[in-house]
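Proteins get letters first, then strands, A, B, ... in listed order; numbering begins at 1 in each.
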Protein chains: 4
Amino acid sequence: MTQNTASRRGRPRDADVDRRVLDAAWDLLHGGGYAALNMDEVAERAGVAKTTLYRRWPTKDHLAIAVAARILGEVPIPDTGDVRRDLTDFIAAQAASLGRLRLAGNPDGAGSAGLVAELAAAAARHPDIGALVRGLFARRHDLARARLRRASEREGLRRDIDHEVMIDQLVGPVWYQILVTGGPADRSYAERLVEAVLDGAFTPSTQRSKS
Amino acid sequence: MTQNTASRRGRPRDADVDRRVLDAAWDLLHGGGYAALNMDEVAERAGVAKTTLYRRWPTKDHLAIAVAARILGEVPIPDTGDVRRDLTDFIAAQAASLGRLRLAGNPDGAGSAGLVAELAAAAARHPDIGALVRGLFARRHDLARARLRRASEREGLRRDIDHEVMIDQLVGPVWYQILVTGGPADRSYAERLVEAVLDGAFTPSTQRSKS
Amino acid sequence: MTQNTASRRGRPRDADVDRRVLDAAWDLLHGGGYAALNMDEVAERAGVAKTTLYRRWPTKDHLAIAVAARILGEVPIPDTGDVRRDLTDFIAAQAASLGRLRLAGNPDGAGSAGLVAELAAAAARHPDIGALVRGLFARRHDLARARLRRASEREGLRRDIDHEVMIDQLVGPVWYQILVTGGPADRSYAERLVEAVLDGAFTPSTQRSKS
Amino acid sequence: MTQNTASRRGRPRDADVDRRVLDAAWDLLHGGGYAALNMDEVAERAGVAKTTLYRRWPTKDHLAIAVAARILGEVPIPDTGDVRRDLTDFIAAQAASLGRLRLAGNPDGAGSAGLVAELAAAAARHPDIGALVRGLFARRHDLARARLRRASEREGLRRDIDHEVMIDQLVGPVWYQILVTGGPADRSYAERLVEAVLDGAFTPSTQRSKS
DNA sequence: GAGTAAACGAGACGGTACGTCTGGTCTTAAG
DNA sequence: CTTAAGACCAGACGTACCGTCTCGTTTACTC
């Protein structure tokens, strides 16, 4: 419907190309990190011409981000009625996503930020990637804020809490561990984060923060 | 004291070289970001041979980190007796440091992580840089934890607070803003962060957390 | 014929590149000898990327030899029916070729072997160049031997002459003069060489060797 | 006698340094050809500072030539009363000398000119080396010419022979084989060369050139 | 024996070219 | 119009190695 005659001309795009390319790119990234992601190599492994590559992803960075997006996937915030648990799941899921990227080209995974830093740099180099990524995280924050709003309304979360900051203090430390300190960012760390922000965040009558 | 006879042999290193090189490198970084940091250019501007460059910094990444270290400088945590104020200063100082880097090659400074992401990537590419950087931040955290300990002892900070996590929740969001969301990381943001973590963190009798 | 379909793929090589590069390289060699042959400079002058250079000539030495081959050119051995004259022309032509190379970067031209020695060294450094050069001279010798055979059959050259050695004794001294003694290698020298080898080389009845 | 007071001042040169350095240099040259001759490596192996090296040999080329001179040694022309034999010995000795150099960094020794070409190039690069080498060969030629003169006087060598050219036609082909064609240059080749130049070079009454 | 001159060891330094790598564009022919 | 193939441009990187320079040290001769 969209394109009747105008773009019906010529050879149609091979739909399988995307998959083959992203697979090849991920293999390289996984094997040796960003430094191992080589456009010529990707083209060869995917059985695709470089022209084709560049027609779909204008830049190596764009391709890398596309690969990462596929790996990271969506991180929805659940709503079971238990904020503590929902937030923990939310943060743990994000930590797990980043952890997968951290492992690329980094077998033991400890210490190095691995791919994550390179992707952040890629976003910094290209305004369009940056905007895309920031949009993604803005939407994620919107959902989280909505969840916190519901917690205020239904679960006794104090009304004077700065939701914006609370989310930053949950998500930020995870990135910080991965990108800077190299420390662990696993579920138990997520639990400690949630514990800390929710400690004293409920109105006394409704719920206690700590046993 | 460190090197009495062993390394007294041979022509001594020219102490001025470091300064000239780091200056030149910072000029380039400041002007055009990481992409503008060119080893040949640095050598030429500093009036130094490339061999000399590589004798002292084995890699362009190492040089960049050295420049950044000089720019970032030390961020001591003050101890005025007022934790809230000390923490705010501490965080605001770090935010300001990162902000300076973010501006490199990025006149308007909004949105992009600029140099910061590139430097994180550089640290991730070289295990030795990573170790160095992590050591730096580990020491910084040690100081901060010591400050929090004193707050527990003298200023009524609750004893059951997870100091480790509290620091992460102060520092982490700053990096997160700079590297990921592109949001502002200024003094007022630091104040909100400190406010949030100290809210309810004091024993009722001693000090009030919020007016 | 060699490559019908196999190498018909992809963008064909630009035939003009060779000319531009060899011209630029010769300019440099001519102006300052082997030391002045600079790959970056060649690339710039020829308006060509260094990758293109190295795709065609894997080494600076290979390029230099290619330039020399163009300068030296073919040295056919004539067949006018007069061996003495033909050999003299043959030797004088080779001497003139080498003389041109000797002058490169060596205005007065006396004494120094100039480029010739450097090219010999280049051939010695790379087995493939050595093989190529030796093949070239082997073909040249074949032609010369054929000419001597005809002289035996038609011009009364003695049948017991060692053609191989005779050619070496004509060509060898020219190289020796250029590479080692620094002496002149001109037409009159060629005449003396030919005179010496043909002296007494003819059967008495047919031709006299010396007036 | 040469230096009484002027250079008697200060610490005298260590006579053992030359030996150690030349040994080390020859080891490198022998092992990997001219490309393997590395001044830093020579200094280290000889247990000598680079300063000392350059005080004695102003250039790597000078050092290489010094090594070669030691290897090549003197090639006197004998005078047994039998020109044919003397010339053969003379040429065979030179061929053997060059053959030794050809083997450096060139185990099988066939084909490549090995060090010889590099040394010729070295001589071409430095006027002083060139002059020295040409002087050496000029003296050698003088001796050879003197021998031929005696052959004219005592052994019936024809008076109209061009001695200069005859020597070139004996020595030149040896260098030509080594530097250009890669062919063998052994005693039997020397015999063929001598045979050719002496064939018909004697006055009929006195001696026959060939059996 | 103190002074001095030069050789020496060690290693930083300047200079410069090399060959490599890789990102991204362009030109063919084929589908 | 897309695809494959591969030549091409651009430009930085890190390396290699030569020859110089700058120290501090050692070894003689000289006064």
Side-chain angles (χ1 to χ4, degrees), chain A residues 6-14 17 35 37-41 43-44 47-61 63, chain B residues 5-14 17 35-44 47-61, chain C residues 5-14 17 35-41 43-44 47-61, chain D residues 5-14 17 35 37-41 43-44 47-61 63:
Chain A
S7 55
R8 277 283 199 210
R9 310 291 304 268
R11 176 171 173 174
R13 287 200 175 183
D14 183 342
V17 164
L37 182 61
N38 177 292
M39 296 301 266
D40 285 61
E41 182 78 10
E44 189 177 342
V48 150
K50 278 173 66 181
T51 336
T52 305
L53 239 55
Y54 281 98
R55 192 173 297 112
R56 302 188 182 206
W57 299 275
T59 280
K60 167 175 159 172
D61 284 336
L63 174 58
Chain B
T5 47
S7 57
R8 276 284 194 210
R9 312 297 305 266
R11 178 173 173 173
R13 290 201 172 178
D14 184 341
V17 163
L37 182 61
N38 178 294
M39 296 299 268
D40 285 59
E41 183 77 11
V42 169
E44 191 177 341
V48 149
K50 273 174 68 179
T51 29
T52 302
L53 240 55
Y54 281 99
R55 190 175 303 113
R56 301 187 182 210
W57 300 277
T59 282
K60 171 174 159 174
D61 284 337
Chain C
T5 46
S7 59
R8 275 287 195 212
R9 312 296 306 263
R11 177 174 174 175
R13 291 200 172 177
D14 183 342
V17 163
L37 182 61
N38 178 293
M39 298 300 268
D40 285 60
E41 183 78 11
E44 190 177 341
V48 150
K50 274 173 67 179
T51 26
T52 303
L53 239 56
Y54 281 98
R55 189 177 303 113
R56 302 187 182 209
W57 300 276
T59 282
K60 170 173 157 173
D61 283 337
Chain D
T5 47
S7 58
R8 275 285 196 210
R9 310 293 306 263
R11 175 173 174 175
R13 291 198 172 179
D14 183 342
V17 163
L37 181 62
N38 179 292
M39 295 302 267
D40 286 61
E41 182 78 11
E44 190 177 342
V48 149
K50 277 172 66 181
T51 338
T52 304
L53 240 55
Y54 281 98
R55 191 175 300 114
R56 303 186 182 208
W57 300 276
T59 282
K60 168 175 159 171
D61 283 337
L63 174 58

Asks: Base, sugar-phosphate alone, or nothing: which one does D/T52 contact when heavy atoms must sit under 4.0 Å apart?
Replies: sugar-phosphate

Asks: Return the 5'-most residue of the pair D/V17, B/R56 with respect to DNA chain E, ranking by each residue's nearest nucleotide.
Replies: D/V17

Asks: Among residues at least two apart in sequence or on other chains, which ones pass salt bridge (charged side-chain N to carboxylate O under 4.0 Å, His left out) with D/R56?
Replies: D/D18

Asks: Tell me which of B/R11 and D/N38 sits closer to the 5' end of DNA chain F, going by the nucleotide each one is nearest to.
Replies: D/N38

Asks: With B/A49, which residues qualify under side-chain contact (heavy atoms from CB on, under 4.5 Å), at least two apart?
Replies: B/T51, B/T52

Asks: With a 3.5 Å distance limit and no angle check, can you tell me whether A/K60 reaches the backbone of A/L37 through a side-chain donor-acceptor pair?
Replies: yes

Asks: Of all residues at least two apart in sequence or in a different chain, which pass the salt bridge (charged side-chain N to carboxylate O under 4.0 Å, His left out) check with D/R11?
Replies: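 Expected list: none.
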
Asks: Counting side-chain heavy atoms from C-beta on, which of F/dC18, F/dC13, E/dC18 comes nearest to B/D40?
Replies: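 Nucleotide nearest to B/D40's side chain: F/dC13.
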
Asks: Please give, in whole Å, the distance from F/dC21 C1' to B/D14 CG?
Replies: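 About 12 Å, once rounded to whole Å.
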
Asks: Return whichever of D/K50 or D/P12 has its heavy-atom-nearest nucleotide of DNA chain F closer to the 5' end.
Replies: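 Going by which nucleotide is closer to the 5' end, it is D/K50.
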
Asks: Provide, to the nearest angstrom, the distance between the CG atom belonging to B/D61 and the P atom belonging to F/dC13.
Replies: 10 Å

Asks: Output the rounded distance in Å from CG (D/L53) to P (E/dA10).
Replies: 13 Å

Asks: For the helix from E/dG1-F/dC31 to E/dG31-F/dC1, figure out the bend between the end axes, five pairs an end, and round to 10 degrees.
Replies: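 Inter-axis angle at the termini of the helix from E/dG1-F/dC31 to E/dG31-F/dC1: 10°.
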
Asks: Which heavy-atom pair separates B/K50 from B/M39 by the least distance, and what is that distance?
Replies: CG-O, 4.5 Å

Asks: Could you state the atom-to-atom distance from CE of A/M39 to C1' of F/dA10 in whole Å?
Replies: 17 Å

Asks: Distance check needed: E/dG9 C1' versus D/Y54 OH, whole Å only.
Replies: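 These atoms are roughly 16 Å apart.
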
Asks: Could you pull out all residues at least two apart from D/N38 that satisfy side-chain contact (heavy atoms from CB on, under 4.5 Å)?
Replies: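 So D/N38 forms a side-chain contact (heavy atoms from CB on, under 4.5 Å) with D/D40, D/E41.
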
Asks: Does B/T51 contact F/dA16 through a side-chain donor or acceptor facing the base, at a distance under 3.5 Å?
Replies: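 No pair found.
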
Asks: Does E/dC13 have OP1 or OP2 sitting under 4.0 Å from an N or O in the side chain of B/R55?
Replies: yes

Asks: Could you tell me the separation between the CD atom of D/E44 and the P atom of F/dC17, rounded to a whole number of Å?
Replies: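 One finds 13 Å between P of F/dC17 and CD of D/E44, rounded.
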
Asks: Classify B/L37 by what it touches in the nucleic acid, base, sugar-phosphate, or nothing, heavy-atom distance under 4.0 Å.
Replies: sugar-phosphate

Asks: In this structure, how many angstroms lie between the C1' atom of E/dG23 and the CH2 atom of A/W57, rounded?
Replies: 16 Å

Asks: Taking only the side-chain heavy atoms of C/K60 (C-beta and beyond), determine which of E/dG24, F/dC13, E/dG19 contains the nearest atom.
Replies: E/dG19

Asks: Using the side-chain heavy atoms of B/A49, tell me which of these nucleotides is nearest: E/dC13, E/dG14, F/dG14.
Replies: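 The nucleotide sitting nearest to the side chain is E/dG14.
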
